[in-house]
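Written out below as structure tokens is the structure these notes cover.
Proteins get letters first, then strands, A, B, ... in listed order; numbering begins at 1 in each.
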Amino acid sequence: MNAPSLSNDQTEDSVPGYRYDAQLASRIEEDWQQRWVADGTYRVTEAAGADADEAFRPKLFVMDMFPYPSGSGLHVGHPLGYIGTDVFARYKRMTGFNVLHTMGYDAFGLPAEEHARQTGEHPRVNTEKNIANMQRQLDRLGLGHDKDRSIATTDVSYYRWTQWIFLQIFHSWYDVEESRAKPISELEELLASGERDTKTVKPWADMDAVERRKELDAWRLAYLGEAPVNWCPALGTVLANEEVTAEGRSERGNHPVFRRPMKQWMMRITAYADRLLGDLERLDWTESIKTMQRNWIGRSEGAEISFPTSSGIDIDVFTTRPDTLFGTTAMVLAPEHPLVDELLAEEWSEETPLLWRGGAATPAEAVEQYRSAASELTDLERQENRSKTGVHIGSYCKVPVSGKAVPIFIADYVLMGYGTGAVMSVPGQDQRDWDFASAYDVEIVRTVQPPENFSGEAYTNDGPAINSDFLDGLLIEEAKTSMIAWLEEHGHGKRMVTYKLRDWLFSRQRYWGEPFPIIFDETGLALAVPEEHLPVELPELMDWAPRALDEDSDPEPPLGRAVEWASASYDLGDGFKTYQRELNTMPQWAGSCWYYLRYLDPSNEEKFVSPDIERYWMTSLDGGIGGVDLYVGGVEHAVLHLLYARFWHKVLFDLGHVSGPEPFQRLYNQGYIQAAAYQDDRGVYVDAEKVEENNGSFFYEGGPVSRTFGKMGKSLKNSVTPDDMYSAYGADTLRLYEMFMGPLDQDRPWETKSVIGSHRLLQRVWRNLINEETGEATVVDVPIDEGSQRLLHQTIASVADAMEGLRFNSAIARITELNNELTKSSNPVPLELAEKLVLMLAPLVPHIAEELWARLGHSDSVVHQSFPSADAGLLVEDSIELPVQVNGKVRSRIVVSTDASPDELETLALADERISQLTSGNQIRKVIVVPKKMINIVIS
RNA sequence: GUCGGAGUGGCGGAAUUGGCAGACGCGCUAGACUAAGGAUCUAGUGCCCGUUAAGGGUGUGGGGGUUCAAGUCCCCCCUCCGACACCA
């Protein structure tokens with residue numbers, strides 16, 4: 001392949017014809033991008049090393065969290081992670097790996113549907129347009145993706161398999177004894193043979209067909225559950241807990257969300273809580289993400305304890321501190337606890353303090369008043385107002401271990417959603433209980449001895465038990481064990497583990513999502529659409545008009561408007577019958593739960609992924625847990641996407657569809673690019689591009705403005721687009737700058753003025769190898785001199801090391817140093833050195849590297865060349881300069897041979913003129929010699 | 001409040017096993033080339049003292065400690081970012 005003719009137009013400004021500027025860069029880039037497509041440069045197969053004449057290449061699966069194709073286009077912050085994975089993938093490919101790297105689109109979701117509601121344009125049309133635009137912007141960056149493997153979650157050929165996976169989950173139950181999912185047919189046998197008890201009171205043998213279906217439905221991993229859900233009228237849908245903010249608003253759009261019970265599809269992710277927690281240990285993820293997942297799962301160990309009441313009903317509480325049972329002085333229930341009405345006393349007893357009555361004439365009245373007051377508080381108000389309130393319900397229960405009668409209260413600091421919704425109040429050892437007890441004059445009994453100088457209220461640290469009968473003197477852990485043993489022996493309770501994690505609400509009342517492959521017959525019970533009838537395609541829908549909804553209205557799934565589609569005829573083995581389709585759609589998370597598996601085998605019509613191909617890419621070669629070798633994305637998916645995908649993967653693993661228990665072996669969180677934003681004195685954001693700096697102050701059109709940093713975007717008027725950078729410098733410069741700004745996992749501020757530095761590097765590299773006037777290579781085929789040889793190999797070693805560790809900023813710094821040396825020398829660059837420099841640059845700036853490679857006389861692509869390897873013999877210098885310290889301060893330097901002995905070094909150091917001046921007249925107390933590092937002389 | 005992460009020049013950041021702090025880049029200063037330079041090239045650039053220089057002092061959020069030697073290890077404190085937030 002000949003070097004292309006890319007000469008700049010000779011104009012009166014006398015820029016040399018082949019100066020590496022934005023114009024030349026753009027021509028080089030577009031030219032190579034076309035050739036890559038034509039040559040299939042980035043196509044990858046599983047057959048690495050399968051041919052006898054090809055060396056075995058280990059696999060490497062590198063992946064980005066795929067994007068939602070937004071309509072507003074990219075800014076320079078978006079591709080940071082994509083560039084990082086691209087550089088890494090290219091580097092690893094050059095070091096002998098068979099690298100899989102591609103990109104897809106998470107294309108279902110609310111914005112396209114909102115767009116349809118406003119414009120009437122079908123979400124599919126809008127989505128495809130956005131994908132095309134985004135693809136164009138990304139292509140221009142020169143990302144080395146295997147495009148044949150790209151998918152969009154909205155492709156019918158993709159969501160067919162999303163539906164198929166849903167059916168796998170629907171057809172499964174979780175065997176707690178073996179801690180894994182199994183086909184529901186196996187459960188049926190166990191229930192029929194009596195090896196497992198049914199969940200209802202009736203034995204399997206006594207059930208009719210409908211009862212049996214209900215029984216099985218109660219075990220499924222995907223089930224219809226009546227549960228309090230987050231109803232968001234503004235979005236017209238219910239949301240998962242994970243999609244609701246702490247303020248009780250929708251994460252998307254910040255609309256009010258109301259809690260109400262509804263029948264919805266749920267995923268039994270709670271069955272996997274322990275495995276999701278335990279397997280975190282084996283993942284190469286940051287500690288912070290692991291911690292977030294641990295917190296979300298929220299495992300706590302303790303005991304469930306039954307408190308008897310005079311009405312014969314027991315109140316069950318969960319506690320992590322069974323050792324404090326003797327300190328229980330009250331029982332506190334959540335206001336909505338189901339036992340409240342049954343335990344309510346007729347009237348106040350004489351001795352009930354007025355404080356406990358809430359000003360009401362009877363307990364019933366007090367409870368009613370309290371409940372209505374509590375329900376009026378928003379979650380936010382509950383948070384802001386932490387003072388404890390509650391009312392006595394007139395009755396008492398007994399502390400099992402002591403028989404002591406304690407009053408029962410309801411209080412809104414006890415949450416129905418956690419544990420059993422009831423708390424044994426131990427003010428001595430729990431600050432919340434202390435606060436409540438002191439507000440309502442409830443007795444306080446300490447059961448752990450605080451230290452003598454303790455001045456706080458509740459004492460939560462360790463210490464010997466007191467006032468606790470048989471526990472007295474025991475430390476917390478021993479006391480817990482003894483108490484649990486006592487409870488179990490006497491039938492008052494048992495060891496128990498609870499989780500904060502709830503089952504995953506899986507229904508959405510939206511159009512633009514995957515339809516459920518579910519139909520209902522006349523019993524109202526769910527049936528699976530047979531696999532061979534997948535996919536269940538979305539109907540066309542023309543009516544996008546929004547419906548006015550409020551807190552009290554029922555969600556209206558848009559699919560209900562597709563009347564013909566909503567009923568369907570299937571033969572489920574008893575002849576064709578008409579069924580009603582499920583009208584909800586799946587949440588956006590569904591498609592992103594398994595896309596990495598489809599990348600492996602995107603056009604397979606028989607299976608969601610071929611088992612051989614799955615095993616090839618997902619099995620760790622070095623004994624790791626397996627999965628994607630490097631997964632790069634933002635921290636915002638710490639809980640939602642990453643937990644859901646792990647859950648699905650584990651189900652698929654249990655059912656034998658994938659080879660390992662985890663989807664993502666190594667997770668890396670890239671930082672975000674921030675940009676300066678400027679506000680005038682009214683607080684209005686002004687166009688950041690037009691702000692001028694003067695002596696540390698900022699001015700816009702003459703007026704002073706203040707600077708803050710934030711996400712790039714329209715609202716802060718601080719966006720810089722990749723297209724701006726392409727036209728000013730070219731894509732390679734943008735890539736290089738983004739990688740040079742700092743380590744990949746750190747947030748960093750964008751500075752357009754600094755981009756020039758990265759451009760200059762490329763310009764100097766170009767000029768060192770290419771005649772700017774003629775475009776000819778200026779290199780000469782001569783041996784590299786020894787000094788340059790050493791520098792080259794030291795550079796290779798450092799660059800390789802930095803690339804392995806994703807420290808691309810350091811790799812670029814080392815390459816710059818090498819190039820700076822070449823710039824200083826007036827001699828032409830030796831060919832071999834030039835080639836190695838180009839190869840080192842290739843992962844970072846592939847276009848200019850290809851161009852230089854071609855101009856150095858090569859006809860093949862640089863993409864599949866080997867990365868240079870460092871010659872260990874050249875890494876060590878013959879002689880080095882060592883600092884000589886006196887009392888820890890550098891006072892001189894000596895040049896010594898590398899293999900000088902410690903004794904020689906000491907002698908040389910002491911003989912140094914400056915050192916002898918400083919040491920004369922002082923006693924030398926000690927000389928520390930660290931060969932190849934330094935010498936320190938300690939004088940008195 | 002709890003948990004997680006981080007504090008290094010004017011700015012982004014290097015220094016991954018304790019061993020020359022500030023690599024590399026931006027910016028800034030001076031110079032070269034130029035009709036011109038917001039292009040390009042060359043040199044300098046932590047701060048303070050020292051006319052230049054030689055040299056000295058000081059310096060990695062603050063305070064203490066270990067060590068011949070600390071950005072790095074230990075203790076206490078401060079600040080910032082992120083997550084969770086009455087989870088019993």
Considering only atom [atom1], compute the distance from [N] to [M] and round it to an integer number of Å.
N: B:C47; M: B:C41; atom1: P; result: 25 Å
N: B:G71; M: B:G9; atom1: P; result: 14 Å
N: B:G46; M: B:U60; atom1: C1'; result: 11 Å
N: B:G10; M: B:G27; atom1: C1'; result: 8 Å
N: B:G65; M: B:G56; atom1: C1'; result: 28 Å
N: B:A69; M: B:U17; atom1: C1'; result: 16 Å
N: B:C20; M: B:G7; atom1: C1'; result: 24 Å
N: B:A35; M: B:U45; atom1: C1'; result: 32 Å

### Residue mapping more 5' on RNA chain B - nearest nucleotide basis, A:A422 or A:I289
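The 5'-side residue here is A:I289.
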### Task
Could you say whether A:R893 or A:A813 is positioned toward the 5' end of RNA chain B, judged by the nucleotide with the nearest heavy atom to each?
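Closest to the 5' end, via its nearest nucleotide, is A:R893.
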### Query
Nearest to the side chain of A:P749 - B:C84, B:G12, B:C86?
B:G12
### Heavy-atom side-chain proximity of A:I937 to A:E906 below 4.5 angstrom
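In short, these two side chains do not touch, never coming nearer than 4.5 Å.
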### Nearest non-hydrogen partners of A:S300 and A:T320, listed with the distance
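Closest pair (atom of A:S300, atom of A:T320, distance): CB-CG2, 3.9 Å.
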### Task
For residues A:G634 and A:Y672, report the shortest heavy-atom separation together with the two atoms involved.
CA-OH, 3.4 Å
### Task
Pick out which of A:L487, A:T498, A:I484, A:T420 makes a side chain to side chain contact (heavy atoms under 4.5 Å, CB included) with A:E304.
A:T420
### Query
Starting at the 5' end of RNA chain B, what dot-bracket string do you get if Watson-Crick and G-U pairs under 3.5 Å are bracketed, crossing pairs use [ ], other-strand pairs use | and unpaired bases use dots?
(((((((..(((......[....)))((((((.......))))))((((.....))))..(((((..]....))))))))))))....
### Task
Could you please spell out the steps behind the salt bridge (charged side-chain N to carboxylate O under 4.0 Å, His left out) verdict for A:D21 and A:R19?
CA-CA 6 Å; A:D21 58 11; A:R19 164 152 298 172; over 6 Å; no
Return no unless some side-chain N or O of [X] is found under 4.0 Å from OP1 or OP2 of [N].
X: A:N295; N: B:G4; value: no
X: A:N809; N: B:A14; value: yes
X: A:R891; N: B:G56; value: yes
X: A:S810; N: B:G13; value: no

In whole Å, I'd like the distance from the [atom1] atom of [X] to the [atom2] atom of [N].
X: A:M331; N: B:A88; atom1: CE; atom2: P; result: 16 Å
X: A:L844; N: B:G25; atom1: CG; atom2: P; result: 15 Å
X: A:D430; N: B:G1; atom1: CG; atom2: C1'; result: 14 Å
X: A:K290; N: B:G5; atom1: NZ; atom2: P; result: 12 Å
X: A:E287; N: B:G5; atom1: CD; atom2: C1'; result: 11 Å
X: A:K889; N: B:G19; atom1: NZ; atom2: P; result: 19 Å
X: A:L80; N: B:G12; atom1: CG; atom2: C1'; result: 14 Å
X: A:D801; N: B:A15; atom1: CG; atom2: C1'; result: 13 Å

### Query
In residues 736-748 of chain A, which ones come under 4.0 Å of RNA chain B, going by heavy atoms?
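Heavy-atom cutoff 4.0 Å gives A:F740, A:M741, A:P743, A:Q746, A:D747.
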Answer yes when [X] and [Y] have at least one side-chain N-carboxylate O distance shorter than 4.0 Å, and no when they do not.
X: A:D274; Y: A:R299; value: yes
X: A:R495; Y: A:E301; value: yes
X: A:R294; Y: A:E287; value: yes

### Task
Answer with yes or no after comparing the ring centroid distance for A:H759 and A:Y20 against a 6.0 Å cut-off, counting only values under it.
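Ring centres of A:Y20 and A:H759 closer than 6.0 Å.
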### Query
What do you reckon, are the aromatic ring centroids of A:Y737 and A:Y729 less than 6.0 Å apart?
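Between A:Y729 and A:Y737, which both carry aromatic rings, the centre distance is not below 6.0 Å.
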#### Entry: nucleotides 37-49 of chain B: protein proximity per nucleotide (B base, S sugar-phosphate only, - neither; heavy atom, under 4.0 Å)
---SSS-------
### Query
What does nucleotides 66-75 of chain B look like as a protein-contact string, B for base, S for sugar-phosphate only, - for none, at under 4.0 angstrom between heavy atoms?
--B-------
### Message
Within 45 degrees of the ring normal and closer than 6.0 Å to the centroid, is that where the cationic atom of A:K388 sits relative to A:Y413?
### Response
yes
### Query
Got a donor-acceptor pair under 3.5 Å from the side chain of A:K933 to the base of B:C20?
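Answer no: no donor N or O sits under 3.5 Å from an acceptor.
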### Task
Looking at every strand, decide which applies to A:K753 at a 4.0 Å heavy-atom threshold: base, sugar-phosphate, or nothing.
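The residue A:K753 makes sugar-phosphate contact but no base contact.
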### Step-by-step ring pair (Phe, Tyr, Trp, His ring centres under 6.0 Å) determination, A:F808 to A:F740
CA-CA 7 Å; A:F808 304 123; A:F740 185 63; over 10 Å; no
### Task
Apply side chain to side chain contact (heavy atoms under 4.5 Å, CB included) to A:K889 and list each qualifying residue two or more places apart in sequence or on a separate chain.
A:R891
### Task
Could I get the full list of side chain to side chain contact (heavy atoms under 4.5 Å, CB included) partners for A:S438, not counting sequence neighbours?
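With sequence neighbours excluded, A:S438 shows a side chain to side chain contact (heavy atoms under 4.5 Å, CB included) to A:W434, given in chain and number order.
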